[in-house]
Amino acid sequence: MTDISRRDFIQVTSASAALLLSGLDNTVIAAPAKGYPMKKIGNIKNLVENEPFAFTYPDDQSPCLLLKLPNEAIGGVGPKKNVVSFSTLCTHMGCPVSYSQGRLVCKCHYSMFDVSRNGQSYQGLASQWIAQITLRFDAVTGNIYAEGVEGLIYGRIGNLKLR
Amino acid sequence: MSLFKRKDSLPIPPVDSEKYTTVCQYCSAGCGYNVYVWPENRSGTARSNAFKVDLTKQAQLMSGFSYTETMHNVITRKNGKKYNLAIIPAKESRINKGDYSIRGGTNAMTAYTPTGITKSRLKDPLLRKNNGFVPISWDAAVEIIATLTKSSIDKYGADSIAMKFYDHGSSGLGFEDNWGAGKLFLSGIKTQYLSIHNRPAYNSEVWGSRERGMHELNYDVDDARLADTVVLWGANAYEGATVFYTEHIMPNLRGSSVEEKQKEFEAGEPAEAGNIIIIDPRKNATITVSQDINAEKVLHIRPNLGTDWILANAIARVAWENKWYDNDFLQKRTDLKTFEEYKTKSLQLSKSLTALLAEAENITGVPVKQIEQAAEWMAKPKAGNFKRRTLTLYEKGIIWNMKNYDQVAAIAQLNVLTHNVGRVGTGCGRLGGHQEGYVRPPAPTPGSIYAGGPPKNVDKYITGGGGKIYWVGATDPYLSTPNSQFFKKTIHNRATNLLGYLEQGGIPADPKAYAAKVLEAFEKTNGLFVIVQDIYMTHTAQDAMLILPAAGWGEAVDTSVNCHSRLLRIYDKFMDAPGIALPDWKILALVGNKLKALYAAEGNKEMAERFSGMDWKTDAEVFLAGSHEFGDNKVAEADEAKLSAECYKGVTHEILRKLGNEGIQTPVRQDPATGKLIGTKRRYKYSFASKDGLFKWYGTDAWTGYPAEVSKYINNPTYPYWFTTGRSQHVWQTMYHDKLIPEKYLSLPLPYLEVHPEDAVKLNLKSGDMAEVFNEEGSCLALVYVSDATKPGLVFGIMYHAKGSMNNVISSYTDPKTTIPWLKGTKVGVKKYNGTPDEAIKTVSLLPNNNFTM
Ligand code: SF4
Ligand code: FES
């Protein structure tokens, strides 16, 4: 289980190291912050390609989706490293985003986030990439767990700071 | 697993944080922002904080308050202490109402931090010595420049000094810096070889409108919500002036401004969701977003490159033929003598309508049906015979088109013919790129070829061996000037020759001896002494002899106006400039004052006098000094057209600080009775800006094909593709800040080229490949996106990028009437690049940025 995560980690690290060599600094790998709950979201057997599964994380006011993509994705888990998860609150002004054709689209001002590329806002108004949920995959059971959030969920001062 | 460090919580400003108001440093929209600064070790609470927002709860969508990862930073002030900095879109600004774009959302990230991403900011004056730059003091730098400038003027004349400086607002410190540059170069040095940041000469890009009596910024943001039809002509509003589109055009298309219309329109006048006409060879995101909102309300017209004025005249002719004009307005407000010339040359009344339209279709490639529909949407009276209200905004696709003067004049005249200026929901002018803040003594060339011009082409002058000193301020012509590869090569050679001479026998350490040796080099070589004044090392600076570190946005007090309301606001100082960097006006004043002293010392009173009036102590003093240039503004409302568009006489920094995000709209008048300062919402309701107040018509040229610089490629199979350029939503200008921000450089890692799917098949290209774009002017390498935004036979490239310029292939053609270049069109060959692709493509998104469908 953690084995796969570790391989992902190395994979992305090598891409980042290459970026560092080409003169783009500040590209670091952030470890998930402490204090996030571990939450079982589903099982790989039940995921259908390109059909998002909705859940909330780290609390019930933060809608997210879990997604099996056709190809490997940055931060993806599972045997094909193609299972990813994101907050569905647009980082621009908090409207809900929907999934289609490899990206999350917000119809409020048309920001679009590439789900296989770390949730980068490749078009639109959002200056912050959408928050990606860190996943853990259990290779024995096929279970998928959320275990952290990378990036700030829109509309909160801290991901774990609602009262 | 993030590609860069992410945050999952943000510091909270305590109630007593320092609070400032500012305006975004980037685009023409000029979104309002609030700035909070507080010591790093202090914190407010979720309930009690300077934002006055309850942070204990999950925010609702579109609440108007956003505080994201990219809106916070930690700065170090000159006192050595660290402070939190939050830069938040202002909900109370009527420009953005809390909205912001991908560019402005990262304002905080651009703040200087000694160890963070902006640590490479310039901190000291740098002198090139023995193939490297060494820091020197301001005294030494000023001594060198002033001595060299004086000697060069005395020996070779003022024209031996050439300059290229920005003249805008926002990221440059608007009125203050522009007055400083104006005093030094226009009053003091008095060279004719002046040029403005992105172009080879010193000119307006819209003399075609101004010489008609219509300044290009004549509307208000409200007009975009109130118009029956918005026309965007070569103006990619969604990606270039983003929040103006999302807050003012989008609501109109969605029909959510109908109630506002009902209030503002005449009784009984129809008010519906607006139409939009977008004239652009590409199907860019402005078009596809508009179509996604309401496709029936969108007319997309795709003219052949360079042909827009023929299209504008054809639309005008259809309006004329249908009598969709207000005869009373034409008679009273426009000059009927020149109108005859317009009717003959532009409307071509001697030709039948059918013949004219057939000819227009043939030249522009636009079907007659679309020309007729455009005329209808722009000019056909509404039910009940109410005049239609059309707001027409053009930008780089027009001003940087072939035949700049005629393009702009044709669009201005189409809108005046149909009385689409000076009324609610109308206007005709620029969408704008950056904000404005122009106040300078009169320029040596007052206008186009019809008004004392054209101005000198500085690029041609210095690449042809002219000039001794070339002073570049906050612009990077190695990337941004047309024909940039040739420009770069030539300047590099001249700079290298100068350096080579200086290095023989060693570069003198003493500033006076150094200057003496440079003068020797001027005699013995064709050397050019390049001075670059900027906030970062630039491409051009690599060939500079002297680099001067400038203060940036937020590091000095700035005042500017936005483009869509001419809203004057203060952009306050909330942090310190790095090292000993100074505001541009101060650097220019140091040199001016030194020149004055040098001339005074040798008893040359006349020359000393030319450099007087630059002994300002504060930015507020510079602002005040500039205001006198505007003349008397004690005029009645009906005489607003007599005022210069950016007139702010009577306004002070103090007043603007009190007005905060509200600001005041230029031209500002002082009420003749009360002396009260009054802004101007919308222009030309009563008269135009000509001597007699009448709009001056002009007969445009007929179509005569493409200029030699481009026509040489036509029918040449080596260069089969038309090439045009533009900008990306993500980044600002040369990416001077954005190249350091991971959210930006990872998404836009390389210069890029859009290729239509049909051409991609022919060229064996797919998204993520690299391609070489080339012609006889030069070449460049770009990342390929296969995209239906372009047409078959047309490729599109980002104009320039931190990693390279596509202006390398742009010709040196300029409009002979204005010396404005055609930056937007030429022909090229395209070839797949078979070398190793850049690593960056592993992480960049390759999804098409104009497809919003679900
Ligand atoms: S739209 Fe323009 S002014 Fe507004 S935040 Fe974006 S870049 Fe800044
Ligand atoms: S809220 Fe999503 S783009 Fe504005």
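Proteins get letters first, then strands, A, B, ... in listed order; numbering begins at 1 in each.
Only the side chain of B/R254 has a heavy atom closer than 4.5 Å to any heavy atom of chain A. Proximity to chain A (any heavy atom under 4.5 Å) is shown, for B/T853, by both the backbone and the side chain. Heavy atoms of B/I741 lying under 4.5 Å from chain A are absent altogether. With a 4.5 angstrom heavy-atom cutoff, B/T242 touches chain A only via side-chain atoms. Residue contact with chain B, scored on non-hydrogen atoms closer than 4.5 Å, involves the backbone of A/Y99 exclusively. B/M854 touches chain A through backbone and side chain together, each having a heavy atom under 4.5 Å away. Proximity to chain A is limited to the backbone of B/P11, based on heavy atoms less than 4.5 angstrom apart.
Counting heavy-atom pairs under 4.5 Å between each of B/L846, B/I102, B/T70, B/L55 and chain A puts B/I102 at the top. Contact tally against chain B (heavy-atom pairs below 4.5 Å) for A/K161, A/Q132, A/Q120, A/K107: the top residue is A/Q120. For the set A/G124, A/G158, A/C108, the entry with the most heavy-atom pairs within less than 4.5 Å of chain B is A/G124. Of the listed residues B/G105, B/A285, B/S728, B/A46, the one with more heavy-atom pairs under 4.5 angstrom with chain A than any other is B/G105. In terms of non-hydrogen atom pairs under 4.5 Å with chain B, the most contact-rich of A/G151, A/S100, A/G94 is A/G151. Interface check for chain A: of the options B/V844, B/N850, B/I12, B/V243, the most heavy-atom pairs under 4.5 Å are formed by B/V844. In terms of heavy-atom pairs under 4.5 Å with chain B, the best-connected choice from A/S121, A/S116, A/G119, A/P96 is A/S121. Per-residue heavy-atom pair counts under 4.5 Å with chain B were compared for A/S98, A/G155, A/S127, A/C90, and the maximum is reached by A/S127.
Taking both residues in full, the closest heavy atoms of A/D114 and B/S845 are given as OD2-OG, 2.6 Å, listed atom of the first, atom of the second, then distance. Between B/G98 and A/M93, the shortest heavy-atom distance links the atoms O-CE, 3.7 Å. Contact detail for A/L152 and B/D8: the closest heavy-atom pair is CD1-O, 3.4 Å. Of all non-hydrogen atoms in A/Y122 and B/H730, the two that sit nearest each other are O-CE1, 2.9 Å. Residues B/K57 and A/L162 share a closest heavy-atom pair of C-CD2, 3.7 Å. The two residues A/W129 and B/P742 make their nearest non-hydrogen contact at CZ2-O, 4.2 Å.
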Q: Decide side chain to side chain contact (heavy atoms under 4.5 Å, CB included) for A/R117 and B/L847; before the verdict, give the C-alpha distance in whole Å, the side-chain angles of both, and the deciding distance to 0.1 Å.
A: CA-CA 10 Å; A/R117 294 287 200 269; B/L847 297 173; over 6 Å; no
Q: Please assess B/S2 against A/E150 for the test side chain to side chain donor-acceptor pair (under 3.5 Å), listing each intermediate value before the final yes or no.
A: CA-CA 7 Å; B/S2 294; A/E150 288 174 337; 3.1 Å; yes
(Q) side chain to side chain contact (heavy atoms under 4.5 Å, CB included), that's the test. Do B/L746 and A/N118 meet it? Break it down for me. (A) CA-CA 10 Å; B/L746 291 168; A/N118 211 198; over 6 Å; no
**Q.** Check against ring-ring contact (aromatic ring centres under 6.0 Å, His included), A/H92 and B/Y100
**A.** CA-CA 8 Å; A/H92 178 234; B/Y100 66 97; 4.6 Å; yes
Q) Are B/M250 and A/H109 close enough, and set up right, to give a side chain to side chain contact (heavy atoms under 4.5 Å, CB included), and what steps lead you there? A) CA-CA 9 Å; B/M250 207 155 98; A/H109 313 97; 4.0 Å; yes
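Between B/N851 and A/Q101, the side chains place a donor N or O and an acceptor N or O closer than 3.5 Å (distance only, hydrogens not considered).
Under the side-chain hydrogen bond (donor to acceptor under 3.5 Å, both in side chains) test applied with A/Q128, the options B/E69, B/E743, B/K7 reduce to a single match, B/E69.
To the nearest 0.5 Å, atom OG1 of residue B/T56 and atom CZ of residue A/R163 are 6.5 Å apart. Distance check: B/Q58 CD to A/I157 CD1 gives 12.0 Å after rounding to the nearest 0.5 Å.
In terms of modelled atom types and a separation under 3.5 Å, the side chain of B/Y238 and the main chain of A/Y110 share a donor-acceptor contact.
Side-chain contact between A/I74 and B/T843 is present, with heavy atoms from C-beta onward closer than 4.5 Å.
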